[in-house]
J.: 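Before anything else, here's the structure in question.
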There are 2 protein chains.
Amino acid sequence: MTLHHDIARKLADAGIPLTSQRLLIACELFAEHCHLSADELLQRVGSLTPDISRATVYNTLKLFSQKGLVQELVVENGKRVYDSNTAPHPHCYNADTGELTDVHQSLQLAGPLPELPPGTALERVDIIVRVRNVA
Amino acid sequence: MTLHHDIARKLADAGIPLTSQRLLIACELFAEHCHLSADELLQRVGSLTPDISRATVYNTLKLFSQKGLVQELVVENGKRVYDSNTAPHPHCYNADTGELTDVHQSLQLAGPLPELPPGTALERVDIIVRVRNVA
DNA sequence: TTCAGTTTTTAGACACAGTCTAAACCGGAA
DNA sequence: TTCCGGTTTAGACTGTGTCTAAAAACTGAA
Ligand SMILES: [Mn+2]
Ligand SMILES: [Mn+2]
Ligand SMILES: [Zn+2]
Ligand SMILES: [Zn+2]
């Protein structure tokens, strides 16, 4: 109940008109901190009724990302992942399992950022701790 | 001349039998520090004679990566990039142009690494400075 | 309520990077 | 020469994401 209202307000604040599809997708994304690919999300909402089309899931995720509601991550090829936590935080990626988890300790960079190429502005700094299963 | 000999030795040291295709690909990769996708590399060697098949380019890049001769990077979806510099070093990614450059200043992490998930070992830490063109 | 104009959703075709397979090819040893 | 393992190859195939054009759902004015 309140969850739906919170999410509706969240979308409104971002200037996104509310639709039933967007509400369902947002519910899945914001119920808990998660890292979901478009197809994983599609599968989740697909088990609900009525189904939401694939195009809408992709469009909505891109829209949410552009409006700053989710963070788009790319850590392995052929899969884009959306992070419902938009605060800057490092990630841990298991190259064997593909599992992507948060690093709750804040990894700061020592020293200043490098000089950026001329004509560019900083967007963010991605830090990914890559691990492998021990043999 | 010596370049070919240097590269031949490099492959031999890594335990990779020499073939004409591997030599051509390695020449393109190791002549200068570069970040190449499989298709970019395919295009380069494709302008030579004789052509090298797409499958061989993909197989060879994966082999070189497994043997530690190049570093596989993923910063945007739908394109894997191979870095001929295997030393750990941060990168700068322009999200507007797709350009990937090296950060020559070494960005160290302040403080210790986080505790890794049980049963895993550190592979490496990727640091990517994402920038955008200013309007 | 009607109706026109706009936005959103949708199915399906499409593009593209990467993988897989099975056959051809090659080079060295017997 | 023949044999045999490793290598290369064309082409089919997969999976993720994009595009398009039409249907559907809104919106606001008449
Ligand atoms: Mn369903
Ligand atoms: Mn050619
Ligand atoms: Zn996260
Ligand atoms: Zn580099």
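Letters go in sequence order (proteins before strands), and every chain restarts at 1. In this text the structure is predicted, and so the values were computed from the model without any measurement.
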J.: Nearest whole angstrom, please: distance from the P of D:dT7 to the CZ of B:Phe64.
T.: 12 Å
J.: For residues 13-29 of chain B, run the donor-acceptor check on the side chains, cut-off 3.5 Å, and write out each pair with its distance to 0.1 Å, sequence neighbours left out.
T.:
{"residue": "B:Thr19", "atom": "OG1", "partner": "B:Arg22", "partner atom": "N", "Å": "3.1"}
{"residue": "B:Arg22", "atom": "NH1", "partner": "B:Pro17", "partner atom": "O", "Å": "2.8"}
{"residue": "B:Glu28", "atom": "OE2", "partner": "B:Arg44", "partner atom": "NH1", "Å": "3.4"}

J.: Measuring to OP1 and OP2 of D:dG17, would you say a side-chain N or O of B:Asn77 lies under 4.0 angstrom away?
T.: yes
J.: Under 4.0 angstrom, heavy atoms only, what part of the nucleic acid is A:Arg22 near: base, sugar-phosphate, or nothing?
T.: sugar-phosphate
J.: Side chains of A:Leu42 and A:Tyr58, heavy atoms from C-beta outward: is any pair under 4.5 Å?
T.: no
J.: Side chain of B:Ala55: nearest nucleotide among D:dG17, D:dC19, D:dG11?
T.: D:dG11
J.: The side chain of B:Tyr58 is closest to which nucleotide in this list: D:dT16, C:dT19, D:dT7?
T.: C:dT19
J.: Starting from C1' on D:dG15, measure out to CZ on A:Arg54 and report it in whole angstrom.
T.: 9 Å
J.: Are any of B:Thr19's side-chain N or O atoms less than 4.0 Å away from OP1 or OP2 of D:dG6?
T.: no
J.: Is any side-chain nitrogen or oxygen of B:Arg80 closer than 4.0 Å to OP1 or OP2 of C:dT19?
T.: yes
J.: Look at the side-chain N and O atoms of B:Gln21 and state whether any lies under 4.0 Å from the OP1 or OP2 oxygen of C:dC26.
T.: no
J.: Mind listing the closest non-hydrogen atom pair of B:Gln71 and B:Ala87 along with its distance?
T.: OE1-O, 4.2 Å
J.: Please report the distance, rounded to the nearest Å, between CG in A:Asn59 and P in D:dT16.
T.: 18 Å
J.: For the pair made of CG in B:Leu11 and P in D:dT7, what is the distance, rounded to whole Å?
T.: 12 Å
J.: Nearest whole angstrom, please: distance from the C1' of C:dG18 to the NZ of B:Lys62.
T.: 8 Å
J.: Measure the distance from CD on B:Glu76 to P on C:dA17 and round it to the nearest whole Å.
T.: 11 Å
J.: If you count every heavy atom of other residues, nucleotides or ligands that lies below 6.0 Å from A:Arg9 atom CZ, does the total exceed 12?
T.: no
J.: Without decimals, in angstroms, what is the distance between A:Ile16 CD1 and C:dT8 P?
T.: 10 Å
J.: Taking 4.0 Å as the cut-off, does a side-chain nitrogen or oxygen of B:Thr56 come that near to OP1 or OP2 on D:dT9?
T.: yes
J.: Do the ring planes of A:His35 and A:His89 sit parallel (below 30°), tilted (30 to 60°) or perpendicular (above 60°)?
T.: tilted
J.: Measure CG/B:Leu42 against C1'/C:dT19 and give the value in whole Å, please.
T.: 15 Å
J.: Go through D:dA10, C:dT10, D:dT18 for me and flag the one nearest to the A:Ile52 side chain.
T.: C:dT10
